[in-house]
2 protein chains.
Amino acid sequence: MTQVRTVDGRIAGRRGQETRARLLECLAELLAARSYRDVTVIDVARDAGTSPATFYQYFPDIEAAILELAADVVREAAELKELASERSWAGRAGTVSATELVNGLMDFWQEHDSILRVVDLAAAEGDKRFTKHRMRVLDAVHKALSSAIGELQKSGKVESDVPAAATAGALVTMLAASAAHPKTFESWAVKDKDLRAALIRLVSWGVTGKKPTP
Amino acid sequence: MTQVRTVDGRIAGRRGQETRARLLECLAELLAARSYRDVTVIDVARDAGTSPATFYQYFPDIEAAILELAADVVREAAELKELASERSWAGRAGTVSATELVNGLMDFWQEHDSILRVVDLAAAEGDKRFTKHRMRVLDAVHKALSSAIGELQKSGKVESDVPAAATAGALVTMLAASAAHPKTFESWAVKDKDLRAALIRLVSWGVTGKKPTP
DNA sequence: ACGTACTTGTGTCATACCGTCAGCTTATCT
DNA sequence: AGATAAGCTGACGGTATGACACAAGTACGT
């Protein structure tokens with residue numbers, strides 16, 4: 001872990017790091033409770049039992065603090081790797097792989113919902129730091145799916161003109177966006193269970209080019 | 001068209017409507033140019049050559065004005081209907097349908113990019129007005145895909161246990177999200193052309209359950 | 001225990017945005 | 001022209017921002 005520094009370059013000690021961590025924690029709570037646009041430095045500081053000036057000692061602005069939270073999510077996203085890599089995609093085992101991947105990614109996204117939606121926006125707005133983080137959250141899964149498709153192509157089970165990286169990207173994007181917009185599916189009267197079933201089917205086929213074994 | 005009213009209940013005349021429209025126009029420009037969080041009422045008013053007080057005469061706040069812009073996008077989205085309904089999904093015609101749908105929806109999303117990403121965020125944050133708008137933008141396409149799958153199920157060409165509405169929803173979500181995050185695909189070194197090819201393939205199969213005819 | 005050097009937190013300030021109001025100007029109708 | 005309503009703005013109290021100097025707290029050697 002790199003050393004934690006204050007905005008003016010000093011190295012933070014034990015107490016400082018605690019304060020910093022408390023600020024981040026309160027920011028995360030506020031982001032979960034109200035809209036991104038309405039979260040202010042003053043609110044965060046007040047909730048953390050400190051002053052705005054203290055906040056600015058550790059973060060140049062709110063965005064920087066959110067970026068930090070996003071970095072935590074990226075770190076946690078490493079565990080998603082296991083959901084996708086070293087998996088078999090043949091026959092019934094493939095269906096299991098798809099199911100676990102869909103459930104795992106959806107649950108992860110919903111758990112980190114409040115931060116990931118800000119990451120999504122900032123990335124869409126073209127902020128490179130956030131684009132990078134967003135990419136990294138999805139990267140493990142993307143890489144795994146991508147190489148799974150590549151393997152199947154090598155063994156001739158999937159046509160070689162299928163763009164592997166693009167297909168893997170589209171699938172991962174689909175999963176993330178589906179998790180991010182449960183309300184839209186609600187409006188369509190789609191139950192979570194049915195959504196997951198549909199996603200599993202699409203992922204299975206997207207990777208293998210074959211109907212999933214039930 | 002319902003009568004345009006000011007916040008204090010008066011009916012806006014010709015000049016007032018022009019001012020209102022100019023404010024919306026400038027707001028749209030600002031949203032395209034800088035981040036959602038940084039767009040202020042003062043900026044909008046200044047760009048429109050008027051005062052902040054005038055802004056508040058027509059909109060209770062920035063969000064309300066954005067909601068208005070979103071409503072315009074919803075109205076324009078009606079044209080997407082033609083990309084999906086009354087289409088054949090069999091054989092080569094199906095591939096054409098999928099291609100036009102993918103291109104149409106992606107282009108639409110990219111054109112209205114700056115507004116739709118705010119709609120996305122607000123919807124994800126649970127704001128019902130924005131959820132409704134987001135749903136409506138995607139609704140025509142969703143309905144069309146949904147009933148296309150339903151038809152194929154009736155004629156026995158697709159298994160009846162496939163959740164039609166959920167599958168259509170997942171596909172539409174995939175298209176919208178893919179359009180919204182070109183940078184992520186860039187990071188994966190996926191070219192736009194390959195992305196579209198992958199999407200076409202996934203949509204084709206998602207609807208018909210069969211490999212697309214080239 | 002005491003003093004020193006460093007870290008951490010706060011009060012305050014200039015600036016900018018928010019949202020409202022009274023009142024002035026401009027258009028419309030008779 | 002006069003009456004009426006629409007349209008616009010300057011000004012204001014309130015609040016958030018971000019910077020700074022300084023005060024309070026902490027660690028450590030003697």
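Here the structure is a predicted model, which is why all the values come from computation and not from measurement. Reminder, nothing fancy here: chain letters follow the sequence lines and each chain counts from 1.
Side-chain N/O atoms of A:Tyr56 include one lying less than 4.0 angstrom from OP1 or OP2 on D:dG18. OP1 or OP2 of C:dT10 sits under 4.0 Å from a side-chain N or O of A:Thr54. A sub-4.0 Å separation between OP1 or OP2 of D:dG7 and a side-chain N or O of B:Thr19 is absent.
Residue B:Ile62 contributes atom CD1, which lies 9 Å from atom P of C:dG19 at whole-angstrom precision. Across the protein-nucleic acid pair, B:Arg22 atom CZ and D:dC8 atom C1' stand 11 Å apart, rounded to whole Å. Distance A:Gln57 CD to D:dG25 P: 16 Å, rounded to the nearest Å. The distance from atom CZ of A:Arg37 to atom P of D:dA16 is 15 Å, rounded to the nearest whole Å. In this structure, A:Asp38 places its CG atom 11 Å from P of D:dT17, rounding to the nearest Å. Regarding A:Phe55, its CZ atom lies at a distance of 17 Å from the P atom of D:dC20, rounded to whole Å. Rounded to whole angstrom, the span from the CZ atom of A:Phe59 across to the P atom of D:dT17 amounts to 15 Å. Atom C1' of nucleotide D:dC8 and atom CD of B:Glu18 are separated by 14 Å, given to the nearest angstrom.
Each of C:dC18, C:dG9, D:dG18 was ranked by its minimum atom distance to the side chain of B:Val41; first place goes to C:dC18.
Remark: the backbone N or O of B:Arg46 is not paired with any side-chain donor or acceptor of B:Thr50 at under 3.5 angstrom.
In this structure, A:Arg117 fails the cation-pi test against A:Tyr36, since its NZ or CZ atom is not both closer than 6.0 Å to the six-membered ring centre and inside 45 degrees of the ring normal.
Aromatic rings of B:His112 and B:Phe108 (six-membered ring for Trp) have centroids within the 6.0 Å cut-off, being under it.
Around atom CD of A:Glu82, no more than 12 heavy atoms belonging to other residues, nucleotides or ligands sit under 6.0 Å away.
Take the nearest nucleotide of DNA chain C for B:Asp43 and for B:Ala53: the residue whose nucleotide is more 5' is B:Asp43. Sequence order on DNA chain D of the closest nucleotides to A:Val39 and B:Thr50 puts B:Thr50 first from the 5' end.
Residue B:Ser51 is in base contact, counting any heavy-atom pair closer than 4.0 Å across all strands shown. Residue A:Thr40 is classed as a sugar-phosphate contact, given heavy-atom separations below 4.0 Å to backbone atoms only.
The aromatic rings of B:Phe59 and B:Phe55 are tilted relative to each other, their planes meeting at an angle between 30° and 60°.
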